[in-house]
Visitor: 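Structure incoming, see below.
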Amino acid sequence: MNYLIYGLSKSGKSCVRLLNIKDNVLYLFDDDRSVLENAKREYASFNNVKVLREISEITLQIVDEIIVSPSISKNNKIILGAREIGVPVISELELGARLFKGTLVAITGTNGKTTTVELVYHILKTAEKEVEKVGNVGIPITSKIDSHTKKSIFVCEVSSFQLEHVSKLHAHISAILNITPDHLNRYDSFSDYANTKLNITINQTKKDYLVLSSDQNVKGEAKIFRFGRKAPNSCFIKDGYFVFKRKFFQKKICKVSTCEVHGQHNLENIMTAILIAKLLKIKNKYIISALKTFKFLSHRGEKVKEINDISFYDDSKATNVDATLKALDTFKDKQNFILILGGSDKNYSYDEIFRHLPKSIKKIIAMGDVCDKIYRTWKDLKINVPLERVDSLKEAVMIACEDLRKDEALLLSPASASLNEFKNYSERGDFFKKYVEEYYEGEK
């Protein structure tokens, strides 16, 4: 087989390693010239690996299949050209799913994917199952194929980018946590984005399961289980307990207070994880033990500092409007706070944030490429909460700290990507903590 591997990040390199066998010829390309130069050195001794300077029409005519990185848009001209002449385009996820012989649990959603994947993985490890976490958590599914068996369970975080090029993907259990506007700079519309997410259910049969929220309606063959409200097949909260219900059987799993939870969205993630665990026949004692020991992930609404009776919350993972709305919801009955919004543009409207501001909000600080867009929305809607525009996160933190008083809080929940100033949301969150510490070091 002749393969073109387009994009040489983690997933692309994993595909090279997996497909570098006799009778396969691999053509490699990346839009980043420095990455190409590194690839030339790395694969110089490989007889069947050819690093390309460009992708020509001739290349497209001789390859049997293209494996594309998640970072490459489905509207990329190379991808469109390949499809025009009938060359199949697949994702690294699709390649891995074809070769995987165990049980695949696939989890998607606009928000909460990583937390839910980590929690399901933690439950299964606690139950001593043969399990791997793969996918959008930073571990390509293809990197774990060699070591898996029929007993293996892969818990896979799946992004919309990975779902753009799938046809044989088959998840025994799939979960769609939520679908709200995101990545609108890549998709033609919200509907286009949402329909791409639904590809996670393709090839599911009556023997499979689909986990949904109480208000989602998705058609398919799989048996539906819902989180968030009582239904014939569901997980819900009643009298302070997580409850699992399957047809006429109903059982309390454990108290909600078993784990330290911040926000309604994390309760939903836990209910999803419980459903998946029960569908995999995991005993309650393992679920309870895992919930007691699970540490919720960084940069997702965590309280990172308390200085001079002022609280600081890092929700840098909120890279879209819906995530920030969830963060604001947790502040409805809390102390007065200042909100830091903004970053690089993903083509969002910020109207919903301004329409759902809690009464406890004291001030908004807008930063980044979307600073002026946020300001225009604030002005058009005549919001009576003060708003200040700044150039950087550091400036935002410094101004906020000057305004904060005892028993108040600062919330970083940007509703935007971080790429204008930082490599990723994690780095942004780390610098947020650093800037807070720097301010109070200077106050001593």
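Just so you know, these numbers use all the heavy atoms, side chains as well, and skip hydrogens, waters and symmetry mates. All of these numbers come straight from a predicted model, not from anything done at the bench.
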Visitor: Is there a side-chain contact between Arg300 and Phe296 (heavy atoms, below 4.5 Å)?
Guide: no

Visitor: Do Lys113 and Val158 touch side chain to side chain, with heavy atoms closer than 4.5 Å?
Guide: no

Visitor: List for me each residue that meets side-chain hydrogen bond (donor to acceptor under 3.5 Å, both in side chains) alongside Lys363, sequence neighbours excluded, and say none if there are none.
Guide: Glu388, Asp403

Visitor: Of all heavy-atom pairs between Ser413 and Leu341, which one has the smallest distance, and what is that distance?
Guide: O-CD2, 3.4 Å

Visitor: Verify whether one side chain among Tyr121 and Glu157 offers a donor that lies under 3.5 Å from an acceptor in the other.
Guide: no

Visitor: With no hydrogens and no angle check, just 3.5 Å: does a side-chain donor-acceptor pair link His170 and Asp208?
Guide: yes

Visitor: Donor-acceptor check, side chain of His356 to backbone of Ile353, threshold 3.5 angstrom: yes or no?
Guide: no

Visitor: Got Lys362 and Val385 here, is their nearest side-chain heavy-atom distance under 4.5 Å?
Guide: no

Visitor: Just by distance, with hydrogens left out, do Ser189 and Ser191 show a side-chain donor and acceptor under 3.5 Å apart?
Guide: no

Visitor: Here's one to test your reading of the geometry: is the NZ or CZ of Lys317 within 45 degrees of the ring axis of Tyr425 and under 6.0 Å from its centre?
Guide: yes

Visitor: Would you kindly say whether Ser143 and Ser14 are connected by a side-chain donor-acceptor distance under 3.5 Å?
Guide: no

Visitor: Think Lys305 forms a cation-pi with Phe312, using NZ or CZ under 6.0 Å from the six-ring centre and within 45 degrees of its axis?
Guide: no

Visitor: Can you name the one residue among Leu198, Leu169, Ile202 that meets side-chain contact (heavy atoms from CB on, under 4.5 Å) with Leu163?
Guide: Leu169

Visitor: Could you tell me the separation between the CD1 atom of Ile55 and the OH atom of Tyr6, rounded to the nearest 0.5 Å?
Guide: 5.5 Å

Visitor: Is there a side-chain contact between Val370 and Tyr350 in this structure, where contact means two heavy atoms from C-beta onward sitting under 4.5 Å apart?
Guide: yes

Visitor: Take atom NZ in Lys373; do more than 12 heavy atoms of anything else shown fall under 6.0 Å from it?
Guide: yes

Visitor: Checking side-chain polar atoms at under 3.5 Å, does Lys245 have a donor or acceptor matched by the opposite partner on Ser234?
Guide: no

Visitor: Under 6.0 Å from the six-membered ring centre of Phe161 and within 45° of its axis: does the NZ or CZ of Arg186 meet both?
Guide: yes

